[in-house]
Protein chains: 2
Amino acid sequence: MSLITTRSRYGLRLLIELADRAGSAPIDLGSVARNQDIPELYLSKLAATLKAAGVLRSERGAKGGYRLARRPEDISILSVVEALEGRSSLLECTDDPAICARSGECRTLPVWSGLDKAINDYLRGVSLADAAVAVIDYSI
Amino acid sequence: MSLITTRSRYGLRLLIELADRAGSAPIDLGSVARNQDIPELYLSKLAATLKAAGVLRSERGAKGGYRLARRPEDISILSVVEALEGRSSLLECTDDPAICARSGECRTLPVWSGLDKAINDYLRGVSLADAAVAVIDYSI
DNA sequence: CTTTAGTAGACTATTTTGGTCTATTAAGGA
DNA sequence: TCCTTAATAGACCAAAATAGTCTACTAAAG
Ligand code: SF4
Ligand code: SF4
């Protein structure tokens with residue numbers, strides 16, 4: 001049971017808080033780490049990864065911090081999970097059949113490819129904006 | 001990247017071979033291990049797990065082996081994956097919100113619950129019979 | 001020129017994965 | 001009755017991934 005590890009879980013909580021507190025000033029990770037009860041040094045690595053993936057922008061020095069690089073509606077959860085889990089697909093062979101000698105006649109590969117597609121379709125269809133308002137949707 | 005580990009991958013290949021070679025006699029794991037190039041001792045543990053889950057039946061002693069406990073159409077891939085990965089859901093909290101103090105107001109939980117549902121819906125909808133004929137479907 | 005905060009990268013502990021080994025039990029056949 | 005085959009049970013183990021931690025450094029505000 002992984003696929004969604006603490007990297008994605010912490011990362012999404014970071015993004016939702018950045019979306020909530022978005023404004024003129026960037027938000028420092030220390031405050032997010034305290035609010036969300038996530039180890040700050042660990043969170044800083046996740047933020048760096050999300051920056052490298054183009055999801056976040058940062059400002060250094062005092063009063064620095066992070067902000068979203070795009071609008072919440074334009075950030076898919078798929079891009080967040082792919083960046084943080086560092087994976088392209090569920091199994092190597094669904095992406096690149098050449099890595100397995102059996103892939104030509106493999107009867108199980110279509111099953112796993114289908115699962116991979118189901119997962120990616122779902123995650124692609126949910127944006128940070130959807131996630132950020134989820135609790136409100138549920139309270140109607 | 002796990003969720004589908006070698007346990008599920010090897011296990012499904014075992015089940016497909018059992019479905020293919022189904023007949024009056026049970027099939028010994030040694031021959032499956034050789035055909036599929038899977039370590040026999042590891043495969044024997046997977047088979048034992050699938051037996052415990054009610055997916056397989058076994059006969060001991062010489063000329064013994066394993067056979068499917070039900071028809072391939074009546075074995076969902078979900079039941080196979082759940083048995084072999086030993087999981088009930090993607091995250092503990094989607095099953096039992098009480099384990100996390102934040103679950104009450106958690107904004108990320110609905111996202112992961114939705115993913116869990118997408119995965120389970122897909123796996124529940126594919127049977128061993130579907131998987132066993134997959135290569136034929138693709139060659140039409 | 002001090003404080004705050006991101007950046008870079010080595011390092012570590014714990015858990016999970018992917019096995020292996022040994023010994024035992026049950027059934028078939030000579 | 002013995003020998004062989006094959007499942008069963010469970011301890012054991014090495015490698016990889018996960019979830020951090022630590023140290024040193026750089027950039028900007030005041
Ligand atoms: S055996 Fe099939 S599912 Fe497994 S790695 Fe090879 S192609 Fe992929
Ligand atoms: S913070 Fe949310 S997603 Fe994470 S374990 Fe708690 S309830 Fe689940």
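Sequence order on DNA chain C of the closest nucleotides to A:G65 and B:E40 puts A:G65 first from the 5' end.
Spacing between atom CZ of B:R67 and atom C1' of D:dA7 amounts to 14 Å, rounded to whole angstrom units. As a whole-Å value, the separation of A:I38 CD1 from D:dT18 C1' is 16 Å. B:E85 places its CD atom 11 Å from the C1' atom of C:dT16, with the value rounded to the nearest Å. One can place CG of B:L84 at 15 Å from C1' of C:dG19, the figure rounded to the nearest angstrom. Rounded to an integer number of Å, the gap from B:Y10 OH to C:dT20 C1' is 14 Å. Atoms CD1 (B:I27) and C1' (D:dT5) sit 16 Å apart, rounded to a whole Å. Rounded to whole angstrom, the span from the CD1 atom of A:I4 across to the P atom of D:dT18 amounts to 12 Å. Taking atom CG on A:L46 and atom C1' on C:dG6, their separation rounds to 14 Å, with Å as the unit.
Remark: the backbone N or O of B:Q36 is paired with a side-chain donor or acceptor of A:R102 at under 3.5 angstrom. In terms of modelled atom types and a separation under 3.5 Å, the side chain of B:D95 and the main chain of B:E92 share no donor-acceptor contact. Using modelled atom types, one side-chain atom of B:R9 and one backbone atom of B:I4 make a donor-acceptor pair closer than 3.5 Å.
Here B:G30 lies out of heavy-atom contact (under 4.0 Å) with every strand. Within 4.0 Å of B:K51, counting heavy atoms only, lie sugar-phosphate atoms of the nucleic acid but no base atom.
In this structure, the separation between OH on B:Y122 and CG on A:D116 is 9.5 Å, given to the nearest 0.5 Å. Here CZ of B:R57 is found 13.0 Å from OH of B:Y66. Values are rounded to the nearest 0.5 Å. Taking OG of A:S2 as the start and CG of B:L3 as the end, the distance is 7.5 Å to the nearest 0.5 Å. Taken from NZ in B:K117 to CZ in B:R124, the straight-line distance is 7.0 Å, to the nearest 0.5 Å.
Side chain of A:L29, nearest nucleotide from D:dA11, C:dG6, D:dT21: C:dG6. For A:Y42, taking side-chain heavy atoms from C-beta onward, the closest of the listed nucleotides C:dG6, D:dG20, C:dG19 is D:dG20. Of the candidate nucleotides C:dT7, D:dG20, D:dA19, D:dG20 has the atom nearest to the side chain of A:P39. Counting only heavy atoms from C-beta on, B:Y66 has its side chain closest to D:dA7 among D:dA7, D:dT21, C:dT7.
A close approach under 4.0 Å does not occur between any side-chain nitrogen or oxygen of A:S2 and OP1 or OP2 of D:dA17. Look at B:T6 and you won't find any side-chain N or O under 4.0 angstrom from OP1 or OP2 of C:dT17. In this model, the phosphate group of D:dA19 is approached by a side-chain N or O of A:T5 to a distance below 4.0 Å at OP1 or OP2.
In the helix from C:dC1-D:dG30 to C:dA30-D:dT1, the rotation axis of the first five pairs and that of the last five pairs differ in direction by 10°, rounded to 10 degrees.
One finds a salt bridge joining A:R107 and B:D20 here, because a Lys/Arg side-chain nitrogen approaches an Asp/Glu carboxylate oxygen to under 4.0 Å. Comment: B:E17 does not engage B:R13 in a salt bridge, judged by the lack of any side-chain N to carboxylate O separation of less than 4.0 angstrom.
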Problem set entry | B/S/- contact track for nucleotides 22-30 of chain C, protein heavy atom under 4.0 Å | ---BBBS--
Exercise. So B:D28 and B:E40, side chain to side chain contact (heavy atoms under 4.5 Å, CB included) or not? Walk me through it.
Worked result: CA-CA 10 Å; B:D28 69 292; B:E40 181 174 351; over 6 Å; no
